[in-house]
Engineer: 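Quick one: the structure is below, questions incoming.
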Amino acid sequence: MNTHRLAVRARGITKCFGEIVALDGVDLDVAQGQIHGLVGPNGAGKTTLLGLLLGLAVADTGRLEILGTPVRRALDAPEGVAGFVDGPGLYPWLTARQNLAALASLRGLGGAAARIDEALDEVGLADVADDRAQGFSLGMRQRLGLAAALLTRPRLLVLDEPSNGLDPVGKRLIHSVLSRLANGGAGVVLSSHRMDDVEALCHEVTILVTGRAVFSGPLSKLVSENGALDYRVVASDPPAARRIVADITGIGVVGGHDDGEVIVVSALVPALDELVVRLVHSGIAVRELAPVMSPLEAAFVALTAQQELALDRQTGAGR
Ligand code: ATP
């Protein structure tokens, strides 16, 4: 498997709907064998970008290559791309199995019929294979949509909010299906509002704000570029822990009750490391240490605020 080949290469992608600039010069690289998360506030352009990857629409300007092939027209996505935006298109009056059979025959997928049961099993729908899709919950419809995508043996899978409506077991199942696909060399691009899902699943992330990519790269880079984070600390001797915090440069108490068990500190990672070392050297046990907001969530909040401020300044200057 060559993880350096790109499933998606987008440069300077712009897409407008009348006056609305949905995408504003977006660059995106998704390597084969990787899961790439798109996050951003409502209306940031995630679904629009995913639609372009699926060939449902075409960019106004910019260059888009999917699986090494330039995309020039809508419905021009090369073979090997599967997925859905705005929920999967299903025939409600057909059963789960019939839906997949219809898709296999419509797409002329040779040999796919034999894989239908396997695909249903993979997404945990084997027990309801002969139930009509119209009675399916949102989570079940999402899973059936994923089974439909799996039938095509995609080399690029594009999913809009795949965890929507899924219970924890369903979510774990879908995560393992996506990870297996990526391990087999496929590129996966998904959007999500769930930062914990993105952190658990994705190798790389792009943060879109008002149509612009304000960050794109590995999650580790996002963490290292991040400023101080707030951490919850529970130590066996809270008053002594507070004294040690006060003695370390670059770390400060920002929350928790003065006489309470939980201390909330704000720190960069090196200062936090020093705190842990000094607590342990002083015979104080660290019972809990966790960021109040995950690094991705914190970066999301900070970058969104910065971008919105910059836009306000631009529009203010234009007035
Ligand atoms: P959400 O998180 O709410 O799903 P999103 O990041 O997916 O949002 P998009 O659906 O891509 O955002 O929308 C980006 C912008 O483009 C929004 O301002 C939206 O109103 C606009 N837009 C998207 N599709 C159309 C369309 N077909 N016609 C007009 N405007 C559209």
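Atoms within each ligand, like the ligands themselves, are counted from 1 in listed order. Nothing here was measured: the structure is a model prediction, and the numbers come from that model.
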Engineer: Salt bridge between Arg278 and Asp247, side-chain N to carboxylate O under 4.0 Å?
Structural biologist: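 The answer is yes: the pair qualifies as a salt bridge.
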Engineer: Between Pro291 and Leu229, what is the shortest heavy-atom contact and its length?
Structural biologist: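 Closest pair (atom of Pro291, atom of Leu229, distance): CB-CD1, 4.5 Å.
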Engineer: Testing the 3.5 Å rule here: is there a donor-acceptor pair between the side chains of Asp197 and Ser163?
Structural biologist: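 Ser163 and Asp197 do have a side-chain donor-acceptor pair below 3.5 Å.
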Engineer: Evaluate the side-chain proximity of Asn164 to Leu166: yes if any heavy-atom separation is below 4.5 Å, no if none is.
Structural biologist: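 Side-chain contact under 4.5 Å: no.
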Engineer: List the atom of Ala59, the atom of Lys15, and the distance in Å for their closest heavy-atom pair.
Structural biologist: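 Closest heavy-atom pair between Ala59 and Lys15: CA-CD, 4.3 Å.
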Engineer: Which protein residues have a heavy atom under 4.0 Å from ligand 1?
Structural biologist: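 Within the 4.0 Å shell of ligand 1, which is judged on heavy atoms, sit Phe17, Ile20, Ala22, Pro41, Asn42, Gly43, Ala44, Gly45, Lys46, Thr47, Thr48, His193.
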Engineer: Under 3.5 Å, sequence neighbours excluded: what are the donor-acceptor pairs made by side chains of residues 124-134?
Structural biologist:
| from | atom 1 | to | atom 2 | distance (Å) |
| --- | --- | --- | --- | --- |
| Asp130 | OD1 | Arg97 | NH1 | 2.6 |
| Asp130 | OD2 | Arg97 | NH1 | 3.0 |

